[in-house]
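Before any comments, here is the structure.
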Amino acid sequence: MKARAAEEERPRLVVLTGPTATGKTDLVIRLAGFFGGEIVSADSMQVYRYLDIGTAKPSRSVREAIPHHLIDVVDPDEPFSAADFTARAGEIIESLHRSGKVIWVVGGTGLYLRALLGGLASLTGADPRVRKRLREEMARHGLSLLFERLARVDPESAGRIHKNDAVRIMRALEVYESSGRTITAQQKEHGFRQRRYRVLSIGLARERKDLFARIDRRVEEMIREGLVAETEGLVERGYDESLKPLQTLTYRPVFRYLRGEGDLPGLAGAIGRETRLYAKRQETWFKKDRQIEWYSPDDGEGIARRVDAFLRRETNGVRG
RNA sequence: GGGUCGGUAGCUCAGUCGGUAGAGCACUGGACUGAAAAUCCAGGUGUCGGCAGUUCGAUUCUGCCCUGACCCA
């Protein structure tokens, strides 16, 4: 009985996800307007302050009308990771749950959602010193040397990770070299199997053609709204283009443009291409998630009915 | 009107000393546990401008035509 009660006490989340530019923001504004509640953003870029236009953050007026969490929480030169996201979102969700609010988790960063809902393996965290050393070793001796080292200490990882995937090779070595245990062993103990929440996952899907047209429109709008000036402003603030959040699909092309490589239409083309590729990567990721119930973004009514059923079922359950 | 250099994948171009072609990007599919808007993998794609000629065989050589850029009139 005690276990059952604890079951029912788990926070309930309405997750809204899907590729970039499908209309998640517009939809959740309408839903939250109707059902109430607050929004927890699951977007790895909107966490950064000052990156507004290029990350398509919800407008100030929207954020004043409906409380948004995990937007503008770190500076562009601060580290932030899926683990940070999970920890912070966990606290926010607990507190919203205690006050009985409807919790909307909205975003397209697949790893963040998976980590939030399933938990993250309790691995060694990122260690900037180890990372710096590994990067230097790679520059000096080449990636293949690092890969060979990984193959010796953790053959299973080496079998799973491609020999060109520098990020994952270095991460696996980082875990091994700072903890003495392989990443494989630690991940096996875990495997995203925690179930901290009761979840309704709603995915927004659009036809490729439609989605790509929306992406192009959004890119034009970003440029019109001053994406280039925003980027120059970041530089004036002292943020270098090598920073992680600036080496991304919108800002990276802007820096190229600022160096005189290409004109404005060329910039729009580049961002559009990158964004389309990103949207496809997101589709690939979400396709695997069998929990997601897919809807057309135009089917606001159907989605609202589904959300209503989910919330009703939950509130009628046993209360703590 | 004459000359020069071009016309090869959706785009930019490479190439074939004659045996029907290839890179990058685009496009499509996939992977993903503290960098995830990151990182990585795989896959095609073609009347080689047109018509003739030479040749066993022409995208490659020759002629003519069409077409683009530039130069000279």
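Remember, it's a predicted structure, so these values are computed and weren't measured experimentally. Note on naming: letters A, B, ... go to the chains in the order of the sequence lines (proteins, then strands), and numbering restarts at 1 for each one.
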Legend entry - Nearest-nucleotide comparison on RNA chain B, the residue closer to the 5′ end among A:Leu120 and A:His162: A:Leu120
Legend entry - Nearest to side-chain heavy atoms of A:Ala83, which nucleotide of B:rU33, B:rG34, B:rA31: B:rG34
Inset, instruction - Can you tell me the distance, in whole Å, between the CZ atom of A:Arg276 and the C1' atom of B:rG10? - result: 13 Å
Legend entry - Name of the residue among A:Lys163, A:Arg168, A:His162 meeting side-chain hydrogen bond (donor to acceptor under 3.5 Å, both in side chains) with A:Asp165: A:Arg168
Legend entry - Heavy-atom neighbours of A:Lys101 NZ exceed 12 at 6.0 Å: no
Inset, instruction - Taking only the side-chain nitrogens and oxygens of A:Asn164, find out if one of them lies under 4.0 Å from OP1 or OP2 of B:rU39. - result: no
Inset, instruction - Mind checking A:Phe85 for me? I need base, sugar-phosphate or nothing, with any heavy atom below 4.0 Å counting as a touch. - result: nothing
Legend entry - B:rA35 phosphate, OP1 or OP2, under 4.0 Å from A:Ser81 side-chain N/O: no
Legend entry - Heavy atoms of other groups near A:Glu91 CD, more than 12 under 6.0 Å: no
Legend entry - 5' precedence on RNA chain B between A:Lys163 and A:Arg131 (nearest-nucleotide basis): A:Arg131
Inset, instruction - Report yes if at least one side-chain N or O of A:Arg171 is closer than 4.0 Å to OP1 or OP2 of B:rG34; otherwise report no. - result: yes
Legend entry - Residue matched to B:rU39 through Watson-Crick or wobble contacts both under 3.5 angstrom: B:rA31
Inset, instruction - Name the closest nucleotide to the A:Arg208 side chain, picking from B:rC32, B:rU28, B:rA35. - result: B:rU28
Inset, instruction - Flag the pair A:Arg152 and A:Glu148 as a salt bridge only when some basic side-chain nitrogen lies within less than 4.0 angstrom of an acidic carboxylate oxygen. - result: no
Inset, instruction - Specify the glycosidic conformation (syn or anti) of B:rG34, with syn defined as within 90° of 0. - result: syn
Legend entry - Mate of B:rG1 where both pairing distances stay under 3.5 Å, Watson-Crick or G-U: B:rC72
Legend entry - Whole-Å distance separating the CG atom of A:Leu173 from the P atom of B:rU33: 14 Å
Legend entry - Under 4.0 angstrom between A:Lys288 side-chain N/O and B:rC32 OP1 or OP2: yes
Inset, instruction - In whole angstrom, give me the gap between the C1' atoms of B:rU8 and B:rG49. - result: 10 Å
Inset, instruction - Verify the contact: side-chain N or O of A:Arg114 to OP1 or OP2 of B:rA36, cut-off strictly under 4.0 Å; return yes or no. - result: no
Inset, instruction - For A:Phe80, report the nucleic acid contact type (base, sugar-phosphate, nothing); a contact means any heavy atom under 4.0 Å. - result: sugar-phosphate
Inset, instruction - Assess whether one donor atom and one acceptor atom, taken from the side chain of A:Arg168 and the base of B:rA38, lie less than 3.5 Å apart. - result: yes
Legend entry - Pair assignment for B:rG63, Watson-Crick or G-U wobble, requiring both distances under 3.5 Å: B:rC51
Inset, instruction - Determine the contact category for A:Leu277: base if any of its heavy atoms lies under 4.0 Å from a base atom, sugar-phosphate if only primed atoms, P, OP1 or OP2 are that close, otherwise nothing. - result: sugar-phosphate
Inset, instruction - Quick one: look up who B:rC25 pairs with, Watson-Crick or G-U, both distances under 3.5 Å, and put none if it's unpaired. - result: B:rG10
Inset, instruction - Give a yes or no on whether a salt bridge exists between A:Arg49 and A:Asp72, defined as a side-chain N under 4.0 angstrom from a carboxylate O. - result: no
